[in-house]
Amino acid sequence: MSAAWPAGPIGIAGKTVSRLGFGTMRLTGPGTWGDPVDRDQAVSILRQAVHTHGITHIDTADAYGPHTAEHLIHDALYPYPEELLIATKVGMVRPAPNLWAPHGHPVYLRACVEASLRRLGTERLDLCYLHRIDPEVPLADQLGTLDALKDEGKIGHVGLSKVTSEDIRRAGKEVTIAAVQKALSRCWVCECLMGRRGVVGLRFGPGVRPWWAGLPRR
């Protein structure tokens, strides 16, 4: 399998996988809502990504659809190849198409993990990201819930998504963070910090903004 790794190998969450992963957000319907227009094509794309192109890192979230992407992954790839890493995210609610809101209550996070396990048909999530930090819930409670699920064997590794350097520092005091996901950019101040902490940094695209996007004008 290593000979076919797109862009070479990388170690994530205890597995050596393809550096080029496949994100499933765009496999859902418009507004990241509901089923895709052509469900059979979405299943075929997933199978081609893994079985034809050698991608062994699939990224998803319970909020994609919601739930649609995880169902598609199961239908396309189960039983999963041993070398495949499926990373999902929890902690986001979807009130309508194109609308997203963080929800980090411990009871909700635990329910999300249990539901993702059932949809994906597995006993453990290899890598589970906190999709967004909920500012209304103490970070220790959010990460503590995921860490407890890790102790129970339902999560293999904990990750963070779209966070700041300060978020990474705070989180590192609570749990071991295996990976951090951020939008692809040439300007990413978190990278050096993550390297010192042994955290894998993962960029996502397309739809990549220029490196200066969002920075104040001088």
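Just so you know, these numbers come straight off a predicted model, no measurement behind them. All residue numbers in this chain count up from 1 along the given sequence.
Using a 4.5 Å cut-off between side-chain heavy atoms of Ile, Leu, Val, Met, Phe, Trp and Tyr, with links allowed through other members, Leu109 and Val137 fall into different hydrophobic clusters. Residues Val158 and Val107 do not share a hydrophobic cluster, defined by chaining ILVMFWY side chains whose heavy atoms lie under 4.5 Å apart. Residues Leu117 and Tyr78 share a hydrophobic cluster, clusters being chains of Ile/Leu/Val/Met/Phe/Trp/Tyr side chains in contact below 4.5 Å. Residues Leu20 and Val50 do not share a hydrophobic cluster, clusters being chains of Ile/Leu/Val/Met/Phe/Trp/Tyr side chains in contact below 4.5 Å.
Taking all atoms of both residues into account, the shortest heavy-atom contact from Asp134 to Pro102 is OD2-O, 3.7 Å. Annotation for Arg94 and Thr32: closest pair NH1-O, 2.8 Å, computed over non-hydrogen atoms. Val113 and Leu146 get closest at one heavy-atom pair: CG2-CD2, 4.3 Å.
Under the 4.5 angstrom side-chain criterion for Ile, Leu, Val, Met, Phe, Trp and Tyr, the cluster partners of Val93 are Tyr108. Applying the under-4.5 Å side-chain rule to Ile, Leu, Val, Met, Phe, Trp and Tyr, the cluster around Met92 extends to Met25, Tyr64, Trp100.
Between Lys15 and Asp126, at least one side-chain nitrogen of the basic residue sits less than 4.0 Å from a carboxylate oxygen of the acidic one, meeting the salt-bridge criterion. Under the 4.0 Å criterion applied to side-chain N and carboxylate O atoms, Glu152 and Arg110 are assigned as salt-bridge partners. Salt bridge Lys154/Glu123: absent, no basic N to carboxylate O contact under 4.0 Å.
Formation of a donor-acceptor pair under 3.5 Å by the Thr145 side chain with backbone atoms of Asp141 is found in this model. Of the possible donor and acceptor atoms, one in the side chain of Thr68 sits under 3.5 Å from a partner among the backbone N and O of Gly34.
Side-chain contact annotation: Glu70 with Ser116, donor-acceptor N/O pair under 3.5 Å present.
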